[in-house]
Amino acid sequence: MHDAYEAISLLEKLPLKIESITCHDDILLVGTKESHLLQYRIKRKSGAAGESKFDVQLERSNKNFAKKPITQLSAVPQLHILISLSDNVVSVHDLQSFNLITCINKTRGANLFALDVQTQKSLSGEENHVLRMCVSVKRKLQVSFWKNRNFQDLTEMNLYDVPRCMCWCKESICVGFRRDYFLVKINSGDIKELFPLGNTQHEPVITKVANDRLMLGRDNMSILIDSEGQPTQKNPINWTGIPTQIENNPPYIIGILPKFIEVRTIETKLLIQQKELQHAKFICQGSGNIYVASINFIWRICPMPIAYQIRQLLENHEFELALRLAEMTDEQDEEKQKRVHNIKNLYAFDLFCQHRFEESMQIFVKLGTDPSHVIGLYPNLLPHEFRKQLEYPKKPPDLEGGELEKALSALQDYLTQKRNELLSDISKESNKELSTIAIQEGNTTIKSKKQLSQIIDTTLLKCYIQTNDALVAPLLRLKDNSCHVEESEKILKKKEKFSELIILYEKKGLHEKALHLLMKQAARPNSPLKGHDRTVQYLQHLDDVVPTEIKLMADKRSIDLYLKLLESGSEKKRDIRLVVVGKKGAGKTSMIRRLFSEENTDVTSTNGIEIHTIKCKAMSDDGIWNKLDGTNEETEIHARLLKQYKGTIEASVEEGAHEAVNKNTLITILYKRIDESKESETVTQQPKKGKLQVTTESLVTSQQRNQSLEQAKMDIEAMLKSNVDFHDKEEYATLLLWDFAGDEEFYHTHQTFLSSGAIYLVVTKLNEADDKNAQDLFQLWMDSIHCYSRLEEDKSNSADSKTSDDLDPPIVIVGTWRDAVTSESEEIDDAYREKIFMFTENMTEDELRHIRQEYFISNTEDDPSVFQKIREDILYLARKMKTWNQVYPLKFIQLEKRLQEKKKELPIISFNEIQHISTDTPNPLNDEELRLFLEFHHEIRALVYFKDLPSYIILDTQWLSDAFRCIVTAKKFRAISTKNRKKWDELYSRGKLHNEVLDDIFRKSDNTFSNHKDHILNVMEKFDIIIRPNISGTERDVGDGKALYYIPCMIKSEPECDIYEIFNVTENTCTKSTWLCYMFRFLPPHLMNHLIASLCRKYKVAEVVTKAQKKQIALFRSSAVFELEKTTKLAKLHIMKCPNWIQIQVWQFGRECEKGLYKYIDDFVTEEIVKIINTRFKMSNVKFWKSWECGLTKPESVTGSNDFSEEQIPEYYCEKCTSTHIFIDDWQDLNSRRPCLPISCEIKPGLYQDRDTISHATTTSSKVFVRINANNREISNIHDESTAAACLTGFTKEEINFSKMGMIALNILADVLYDLLKPDKPYLRPRCDCDITYLYSEHRNLNKYIPSNSWGGQWQRIKATDIAIGDDIERIRLTRNELQHSKIFHLDDKRYNELRNILTDLLKRFDQHNKPTRLYADHLNEILAKTISAEEVQLIKNEILGMAIEVEIEHQINVTTQ
């Protein structure tokens, strides 16, 4: 109990007897037995000692108000009227003057009335008040409403008895009789009996507690009902006696009992206060004032100050009521919120102390209480020193046994929820500090998201260890797991959870620790890690640690070598490439200046590529970018090297004395570390039987070692003199910004520098959205970037990704010139967005998945905050890249440092010189490691190195870009000599690079360019930027024996007339082959030039005679002709680039074509395309397939409309020629080996590990041993001869069954899913790129056709009656899985017939739904009736059993065995 109210006496021993009271504002009206109406004005004043008192003034006494006692009064201040009951008649008076307005004669005989006042707001905001009145007249109810200063009749109802009390409740009236309660519906007249009065209750009591809720008295209880008469609370409110009247004053109810008034609460049913007031009989309230009266006394019931009440309640642990009061205060919102949070925290803490753990945690979650304070309630979960700093209202309970387990279970749920909230918050606003509150005011809260993530995850780990250790491993495997390494390591070691400890090490990149633990546990007989299987398995999973560039190298030993380099030490590398592309004049350079916070004046177009190196904080979004010059880059490398030894240094000097440590001390420490590292690497351990064999070669001679260590001392001394801030706790990232010129001439050289590991800013002018040329260039860049996406890789990683819909590399679209966009609508942002829609409307769904953000900017008008936001978002994207925090060998950094110094002297260096530099580093790279270093840095575009051009390595890619632009540059940047003007013109039109032009170029260039002219040309030839065609002397300059170059991307000339006419290709002179087309979803713009270069190296370019009777080679803008027979010139190859395909045709003059020539040409072209796509540019998302067209079709009319199929066709109808042709299989053996599917040339990286190119398996003769683990199938294969010659006969019926079912799955069922999906995905990839796995996944994501039993599950869950589309999708998945997971290539008759029947019904249903042009059921019957050949059996076997296989890789590692 506490003091909620105080009773202030207003009137004592009134000479008149009180019969009724009512009030409004500060007016109290009293009706007496003597028929007087008294009006008092009550004003508050301050009394002594802060006691509240009132001035009571009798303003008016109307002795003639009525003739008899005034038994009921009710003021309606909203309408300025006073309603009274006297002499059994209801009258209405003016509230101010008491003048009679109306006497309602119809109410004669009335004994009471009840009012209902509702306030309604009109559309204009004006308030309208609606007053209804119900009058009890003997055994009738008269209902009326107030209008035009009178009550208008509404309805009348008869009752069985005279009401003793009444109250409105929405559209009902609750009536209390002498014995019971009834509910009367006004509209219908229906009467519902509720319940009787109690045995000891003499009069009914009804109180309105809400518009739709009443409280009815029954003896000493109050029962709450709704407007339908239904109870709203399970238990009634119990009073200490029988109340005669009750008033609702939230959060309390006040009841009048014979000797006192009693205060209670409704929800918690608590007794709050009893206040003695003798013989109280009446109670009323209005305008927030409460009055109680007896026959001769009147009291004012005043609430105690809320703050005072809250203090009392908190002392009594009545938190819920304290919260109600806190929310009712008049404080400022901020102060009120603070008070409420404090009370809720105390309430949650109290619940915890009562062992009501789940309720407590739910409140903590909603409040945003600091999780570390919640964790501190538990024993031994927080570090002791941290826990000591926390204070609580009282000592938390000691928990043990079952109670501790219950408490930990609640904590796990709480932490899991907080973890998810934190991750979501981090993904939205990573730079914003946390706002948490303390349980006990005054405690410090944690603001850092990173620190809080560590505490939450580490505590979850400790909880799982105690309650359910099976959850430890899944927690540690989470990609975003933030467990504190040292704390987690300690607890896992203590509990001997070594398998889980390995997972922790792996996820934190502590591979050296993991391998050491694996080796140690391998020797323990009872260890779960006994033996070396887990070590080998761990090494296989290290594949995720290896950069993609290493994994895609032709020499697969590179992976093992990289892992071994990591063992000697590693760092987290945060180098992000930011590539800015877009049309000329879009404002790229201006935008970059604004990003650098530089002046945006005197901006000129970029010539070639500009590369900037930027340093920024990695984990905080302050948006500050600092350009690094040569000196800063060197300091950056020093920091990367020194910080790896930070632990060693700090452990070797006294705490706090770092500044006083002289350089000799540090050199000694670091030297010792390097020396020990050296010794450990040069020791060769002899393998022991049963142990993992470890071998290594000696890296350097003894003399070299001594030189290296001396050099190490010098290096460390130099590093310590540099400006490395050793105490800087920040982690930094380096952004390499590449600004690509927008001129079309540069596009071909730009492709050299694109990669999958970059973030792309695609810049376009918003005011050119309707310009077709601008749209095409925008599409070209989007298509080019999409070539570098790795769809399969993204799919496999989607489970760990927050935004599994996104594709890498990420693209940010920047719309410039927004100040030039106008809009008639008010929403200008909508106009900007509409412009971007115009640029992207023709993009595929997959391409759109690259887009992360769009910005609309003005480089001239926007303030710096706009560019600050762009900088922050770029860093946020960078942190999501796979390359972020990539582990990187320390040994590489040492060589980086040396090369950084060398680059200042000369941007180009020989391999021998770099070899010598590497040998001089403290921890040198051997030749194999050095080549890996060079190849890796070549792939990430940090330098340029080709194995077959070892003479020079280009250290500075900016220098190379500058060299490229000397030759391949926009016309406006060239300085053309008058003397060689015609030869320059040939360069513009035909791409012919005369030696005189070369001399002009290099004469006006930097000396380093002219000094290395030959190497630059070799590198450009290596990149196919220039080519050296195999041509006759007629094309060369007279008397010039030098190499003649062409630049394919600068060839602008077209054939002077029809190509057939130029080469006299007619029906009489020549036989033309069928057109062979290499079809692409998107043809990379530079691929044709590379293919032309390859053909130039292979074949002689044909010559043509111009109209001016001059000979020139047949290299044109998008086509070329080559001599297949150099001497006779009787066979020629015509190649031509079309929008999204490349087509070739062979012209045979004279005798018949040599057998196998076409196949040989196709193999060469296919291999070169694959090499360009996969080996050279790593464009894993570029795929192609082959089709054909009638050879009589004109080159410009070819569309590649015919797919190769298994079916042998003797003749066909040609739509182009509108006639029938005999089918001549020119490109023999090109027919698809997949039954009934078009040929697919999708080549996956790594499939052919020992070859740079690929040719068709049918002509490949090899002897390979492959060990494959695929779904527990062990397959060993030895091919001693070509597959074309293999004898595949003698298959069983069960194998034939399996083959047929496989053909149905691969073809028909996949077609069904594809046709079903296509209407909902207009940009769905081509059918040849979609298998059942992909299509099922898309349907599941779409979630349009939901199975009856939800997604997933087994055959048993699907009943025969389940025939929804979603059920059939599941049947298709299960059929595919059953075949794919089969351990043997075998399907017995029983199961074959079951599946056949299931699929027959299924396909009939899909025939009705999809309405395919060719019925699925017909296709099914064809396959079922078909005689399967031995070759088809083998092909299906390869297709089905080859799905989702994992190649087992053997790794070898250098580890010192104990």
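A side-chain hydrogen bond (donor to acceptor under 3.5 Å, both in side chains) check over residues 372-385, counting only residues at least two apart or in different chains, returns the pairs D370-S372.
Although no hydrogens or angles enter the test, the distance criterion places no donor-acceptor pair under 3.5 Å between the side chain of R356 and the main chain of L351. At distances below 3.5 Å, at least one donor-acceptor pair connects side-chain atoms of T459 with backbone N or O atoms of I455. Panel note: side chain T458, backbone H484; a donor-acceptor pair is recorded below 3.5 Å. With hydrogens and angles disregarded, a donor-acceptor distance shorter than 3.5 Å links the side chain of S453 to the backbone of K449. Under a 3.5 Å cut-off, the side chain of T369 and the backbone N or O of A438 do not form any donor-acceptor pair. Looking only at distances, a side-chain donor or acceptor of K462 sits under 3.5 Å from a matching main-chain atom of L381. Panel note: side chain S527, backbone L529; a donor-acceptor pair is recorded below 3.5 Å.
Rounding to the nearest 0.5 angstrom, the gap separating the CD1 atom in I266 from the CZ atom in R324 is 8.0 Å. L323 contributes atom CG, which lies 10.0 Å from atom NE2 of H341 (distance to the nearest 0.5 angstrom). Interatomic distance, CD of E487 versus CG of L492, reported as 10.5 Å (0.5 Å rounding). One distance of note links CG of L377 with CG of L411; it measures 9.0 Å at 0.5 Å rounding. Taking NZ of K418 as the reference point, atom OG1 of T416 lies at 12.5 Å (rounded to 0.5 Å). The CG atom of L321 lies 4.5 Å from the CG atom of L313; values are rounded to the nearest 0.5 Å.
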message = Between K513 and E489, does the side-chain contact (heavy atoms from CB on, under 4.5 Å) criterion hold? Intermediate values first, please.
response = CA-CA 11 Å; K513 274 192 167 187; E489 185 180 42; 3.1 Å; yes
request  = Evaluate the criterion side-chain contact (heavy atoms from CB on, under 4.5 Å) for residue pair L452 and S448; output intermediate values, then yes/no.
outcome  = CA-CA 6 Å; L452 199 56; S448 164; over 6 Å; no
message = Before you tell me yes or no, could you show the steps for I456 and S482 under side-chain contact (heavy atoms from CB on, under 4.5 Å), namely the whole-Å CA-CA distance, both residues' side-chain angles and the distance that decides it to 0.1 Å?
response = CA-CA 8 Å; I456 288 174; S482 299; over 6 Å; no
task = Could you give me the CA-CA distance, side-chain angles and deciding distance for I1358 and L1374, then say whether side-chain contact (heavy atoms from CB on, under 4.5 Å) is met?
result = CA-CA 10 Å; I1358 304 180; L1374 290 167; 3.8 Å; yes
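For K338, the NZ atom is loosely surrounded, since the number of other residues' heavy atoms within 6.0 Å does not exceed 12. The neighbour count for E358 CD, taken as heavy atoms of other residues, nucleotides or ligands under 6.0 Å away, does not exceed 12. Annotation: K269, atom NZ; neighbour count of heavy atoms from other residues, nucleotides and ligands within 6.0 Å is above 12.
Judged purely by distance below 3.5 Å, without hydrogens or angles, the side chains of T444 and Q389 never pair a donor atom with an acceptor atom. Side-chain contact of Q354 with D350: a donor-acceptor pair under 3.5 Å is present, judged by distance alone.
No side-chain heavy atom of F349 sits under 4.5 Å from any side-chain heavy atom of I363. Side-chain contact check for S409 versus F357: every heavy-atom pair is 4.5 Å or farther apart. A 4.5 Å side-chain heavy-atom check between N468 and Q412 finds every atom pair outside the cut-off.
The pair E1370-R1373 meets the salt-bridge criterion, with a side-chain N (NZ, NE, NH1 or NH2) lying under 4.0 Å from an Asp/Glu carboxylate O. Under a 4.0 Å N-O distance rule, the pair K880/D808 does not qualify as a salt bridge.
Between F364 and Y414, the ring planes are perpendicular. Angles over 60° get that label, and only those under 30° would be called parallel.
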Only distances under 3.5 Å count here; give the side-chain donor-acceptor pairs of residues 495-504 to other protein atoms, sequence neighbours excluded, each with its distance to 0.1 Å.
| unit_1 | atom_1 | unit_2 | atom_2 | d |
| --- | --- | --- | --- | --- |
| K497 | NZ | D469 | OD2 | 2.6 |

